[in-house]
Asker: 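Structure below; questions to follow.
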2 protein chains.
Amino acid sequence: MELRTLKTFVAVATLKSFSAAARELHTVQPAISRQIADLEAELGVSLLWRNTREVRVTAPGEALLEEAKRMLALEVQARKRVALAASGQTGTLRIGYMSSACASFVPSLMRDFAAQHPDVTLVLHEMTAQQQLDAFAREEIDVGLSRPLPMELRETLTALPMYEDELMVVVPEGHRLARRKRLALRELSHEDFVLFQRDQATGLFDHIISACGDAGFSPRITRQPALMQTLLSEVAAGLGLAIAPACIRRLQCDGCHFITLRPALGAVPLELHYPSTPSRPVIEAFVTLVETAIPAIRAQMA
Amino acid sequence: MELRTLKTFVAVATLKSFSAAARELHTVQPAISRQIADLEAELGVSLLWRNTREVRVTAPGEALLEEAKRMLALEVQARKRVALAASGQTGTLRIGYMSSACASFVPSLMRDFAAQHPDVTLVLHEMTAQQQLDAFAREEIDVGLSRPLPMELRETLTALPMYEDELMVVVPEGHRLARRKRLALRELSHEDFVLFQRDQATGLFDHIISACGDAGFSPRITRQPALMQTLLSEVAAGLGLAIAPACIRRLQCDGCHFITLRPALGAVPLELHYPSTPSRPVIEAFVTLVETAIPAIRAQMA
DNA sequence: ATGACTCATGCCGATAGAGCATCAATTACT
DNA sequence: AGTAATTGATGCTCTATCGGCATGAGTCAT
């Protein structure tokens with residue numbers, strides 16, 4: 001039993017004529033006769049009662065007709081679903097992101113993607129860069145928005161730079177440097193520092209440490225909070241200064257001043273990460289959308 | 001897209017191996033590779049991501065997998081339904097019958113058939129012989145239980161004699177003949193007659209009229225009821241005598257006496273009628289059942 | 001009675017597909 | 001590290017299937 005055969009059977013049963021079915025299927029009548037005869041032989045049943053003047057559908061024929069129609073309907077549905085899935089317009093997209101760096105543009109990105117792919121379920125997971133790495137390994141997320149990841153993973157994960165955050169100094173209100181417009185890093189050599197946990201943002205942490213080294217000192221670290229919001233609170237409480245990406249200005253931050261570094265440290269990029277081996281079309285569709293959205297995001301974050 | 005192709009696709013996607021699928025399907029691995037490649041070419045998408053060590057199902061592949069499984073399930077269901085329909089174990093059987101002649105054995109017949117064919121819906125229509133004829137013409141019933149039908153229909157309808165009813169004389173209580181054990185037809189030549197409508201039972205009516213003719217008289221007909229029950233009431237009311245098949249003794253009949261005719265008139269058979277052109281297996285199954293039940297029915301009606 | 005139509009059948013040729021051998025790539029086991 | 005084994009891909013040949021043509025047989029209408 002093949003779909004091809006079933007198509008001709010449905011045509012014959014519907015048109016009640018072998019010849020008419022042949023015309024409709026762009027073939028000749030003997031081909032139809034053969035297919036029906038073979039089908040009947042295979043099932044061991046007469047499906048169509050026919051003489052030279054009339055074609056009738058037998059009871060088993062009626063039964064087969066129903067099921068055949070369902071199967072053929074499933075075929076066109078299958079084609080549609082495959083096409084949808086292939087263009088990434090179906091399925092689930094799981095996104096890991098850091099709210100500190102992404103809160104301002106992620107919502108509009110989601111809105112645009114949902115508009116283009118209404119049948120895709122979006123799942124957002126707030127997580128640090130390290131958590132995103134683990135999640136990629138466990139295949140719990142499809143794309144991630146974070147700072148650059150360790151080099152050894154560049155093979156399995158592809159990185160797309162989105163925008164860059166300058167590093168700024170965060171000082172509490174009333175601090176001796178709080179009124180300054182700009183600072184050089186070396187001026188901070190004797191300060192206490194509050195730095196984001198190395199575990200949670202290895203790249204950023206190491207970047208700052210090595211910059212301090214270049215400036216001729218090794219920072220004295222008093223606190224290592226896990227959340228950006230905690231970091232700001234601790235700075236405001238006077239536990240130390242922080243060096244952090246400019247984006248955290250957008251968080252609630254009473255009692256904190258943000259001061260530009262001059263000469264500037266290397267800016268830290270925010271990247272979109274996704275599996276290098278092309279896995280699912282939804283992912284590619286999302287990457288494409290992000291690529292087109294990059295100019296707008298850069299303008300917004302400048 | 002063919003069911004054969006889909007079977008191999010499902011096998012590969014399930015086993016996650018081309019070679020294993022080949023073994024399962026009793027063919028060789030290159031055949032599998034070709035089928036999958038052709039299917040992908042036809043749909044214009046990659047369904048299986050594969051290298052020499054690993055086979056993964058892509059997003060479109062997952063979509064197709066679901067639909068393919070449904071289609072294959074429908075195929076086995078179709079085979080089952082066709083087999084059921086072919087053995088007459090499914091569908092609807094519409095039966096026309098005359099309660100006067102059949103009330104005593106139809107119920108047990110229905111019970112036996114329903115036991116053998118639990119998935120067949122039985123529809124019973126109480127109707128006279130004439131109504132059954134019309135119903136056959138309109139294809140509203142599949143089989144009919146009635147007295148013999150006009151000869152001209154013997155081609156389209158086949159008749160299976162089931163049992164025979166002797167004709168008896170029905171006289172009201174208190175009638176001058178009511179005490180007699182047996183009568184000759186000629187003794188009734190000056191009686192009034194109540195006969196069943198010719199429209200509704202042409203064969204029976206003509207049979208009686210010609211018998212009277214043979215006996216040397218033409219019956220004076222005073223009433224022509226349409227229902228057997230009415231006929232009995234009218235006889236009981238003294239409107240005339242009736243000649244009717246013995247089976248009506250089984251109806252409620254206070255005030256009526258049934259008297260054997262001697263010499264006997266030709267007995268009237270009760271027949272099962274069904275389309276001569278083999279149409280649906282359910283019908284054949286019912287005919288077969290009736291054939292086996294005939295001895296029991298004859299014993300019951302004797 | 002003949003012609004126009006139906007579906008069935010015999011034959012031929014093209015072609016799709018199975019099977020074999022082989023290749024390239026990766027893993028596992030020495 | 002090197003070899004053996006296994007994976008899927010590819011090129012080839014051969015066969016069986018199937019479409020198309022010609023034709024036959026049966027039915028209906030003119």
Side-chain angles (χ1 to χ4, degrees), chain A residues 1-58 60-61 64-65 68 155-156 275-279, chain B residues 1-58 60-61 64-65 68 155-156 275-279:
Chain A
M1 194 189 298
E2 291 301 326
L3 289 183
R4 203 188 141 57
T5 317
L6 293 177
K7 276 185 195 124
T8 77
F9 172 70
V10 170
V12 175
T14 306
L15 297 169
K16 301 204 183 307
S17 158
F18 284 54
S19 311
R23 285 190 291 275
E24 174 158 306
L25 299 174
H26 307 105
T27 180
V28 293
Q29 169 264 318
I32 307 293
S33 287
R34 293 303 181 90
Q35 287 188 45
I36 299 296
D38 290 351
L39 183 58
E40 289 180 325
E42 182 190 343
L43 297 175
V45 181
S46 166
L47 297 169
L48 297 168
W49 180 92
R50 55 226 190 243
N51 58 23
T52 55
R53 209 63 199 171
E54 182 179 15
V55 174
R56 266 191 229 177
V57 185
T58 66
L64 182 62
L65 187 57
E155 285 181 17
T156 60
S276 301
T277 53
S279 45
Chain B
M1 194 189 299
E2 291 301 326
L3 289 183
R4 217 171 64 79
T5 317
L6 293 177
K7 277 185 193 121
T8 77
F9 172 70
V10 170
V12 175
T14 306
L15 297 170
K16 302 206 181 306
S17 157
F18 284 56
S19 310
R23 285 189 291 274
E24 175 157 306
L25 300 175
H26 307 105
T27 180
V28 292
Q29 169 263 318
I32 307 292
S33 286
R34 294 306 183 98
Q35 286 188 45
I36 299 295
D38 290 350
L39 184 57
E40 289 180 323
E42 181 189 343
L43 296 176
V45 281
S46 165
L47 298 169
L48 297 167
W49 181 92
R50 54 225 191 245
N51 58 25
T52 53
R53 210 59 201 175
E54 183 179 14
V55 174
R56 267 191 229 177
V57 186
T58 66
L64 182 62
L65 187 55
E155 284 179 20
T156 59
S276 301
T277 53
S279 47

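Each chain gets a letter, A, B and so on, in the order the sequences are listed, and its residues count up from 1.
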Asker: Check whether any side-chain nitrogen or oxygen of B:Ser33 sits under 4.0 Å from OP1 or OP2 of D:dG8, and answer yes or no.
Answerer: no
Asker: Taking all non-hydrogen atoms of both residues into account, name the closest pair between B:Ser46 and B:Pro60 and its distance.
Answerer: O-CG, 4.0 Å
Asker: Please tell me which of the listed nucleotides, D:dG20, C:dG19, C:dA8, lies nearest to the side chain of A:Thr27?
Answerer: D:dG20
Asker: Below 4.0 angstrom from OP1 or OP2 of C:dA8, is there any side-chain N or O of A:Arg50?
Answerer: yes
Asker: Between atom CD in A:Glu2 and atom P in C:dA16, what is the gap in whole Å?
Answerer: 16 Å
Asker: Between C:dA18, C:dA8, C:dT6, spot the one nearest the side chain of B:Arg4, thanks.
Answerer: C:dA18
Asker: Report, one pair per line, the protein and nucleotides 24-28 of chain C atoms (nitrogen or oxygen only) whose separation is under 3.5 Å.
Answerer:
| residue | atom | partner | partner atom | Å |
| --- | --- | --- | --- | --- |
| C:dT26 | O4' | B:Thr52 | OG1 | 3.2 |

Asker: Between B:Thr5 (side chain only) and B:Met1 (backbone N and O only), is there a donor and an acceptor less than 3.5 Å apart?
Answerer: no
Asker: From CH2 of B:Trp49 over to P of D:dA9, roughly how many Å is that when rounded to an integer?
Answerer: 12 Å
Asker: 5'-most contact on DNA chain D: A:Ala31 or B:Ser19, nearest heavy atom basis?
Answerer: B:Ser19
Asker: Mind calculating the distance between CD1 (B:Ile32) and P (D:dT7) to the nearest angstrom?
Answerer: 13 Å
Asker: Expressed as a whole number of angstroms, how long is the span from A:Ile36:CD1 to C:dT6:C1'?
Answerer: 15 Å
Asker: Between C:dG19, C:dC7, D:dG8, spot the one nearest the side chain of B:Val28, thanks.
Answerer: C:dG19
Asker: Between A:Val55 and A:Arg34, name the one whose nearest nucleotide on DNA chain C is closer to the 5' end.
Answerer: A:Val55
Asker: Within the distance-only criterion (no hydrogens, no angle test), does the side chain of B:Gln35 pair as donor or acceptor with the backbone N or O of B:Phe9 below 3.5 angstrom?
Answerer: no
Asker: Distance check needed: D:dG8 C1' versus B:Arg56 CZ, whole Å only.
Answerer: 16 Å
Asker: Take atom NZ of B:Lys16 and atom P of D:dG8, then tell me their distance rounded to the nearest Å.
Answerer: 12 Å
Asker: With side chains defined as the heavy atoms from C-beta onward, is the minimum distance between B:Val57 and B:Leu47 less than 4.5 Å?
Answerer: no
Asker: Measure from CG on A:Leu15 to P on C:dC5 and round the result to the nearest Å.
Answerer: 18 Å
Asker: Please figure out whether B:Glu54 or A:His26 has its closest DNA chain D nucleotide nearer the 5' end.
Answerer: B:Glu54
Asker: Checking A:Glu24 side chain against A:Val12 main chain: does a donor-acceptor pair fall under 3.5 Å?
Answerer: no
Asker: Is the phosphate of C:dT9 approached by A:Gln29 (side-chain N or O, under 4.0 Å from OP1 or OP2)?
Answerer: no
Asker: Less than 4.5 Å apart, side chain to side chain, heavy atoms only: is that true for A:Val45 and A:Leu64?
Answerer: no
Asker: Backbone N or O of B:Leu48 within a donor-acceptor pair of the B:Glu40 side chain at under 3.5 Å?
Answerer: yes
Asker: What is the distance, rounded to the nearest whole Å, between atom CD of A:Glu42 and atom P of D:dC18?
Answerer: 11 Å
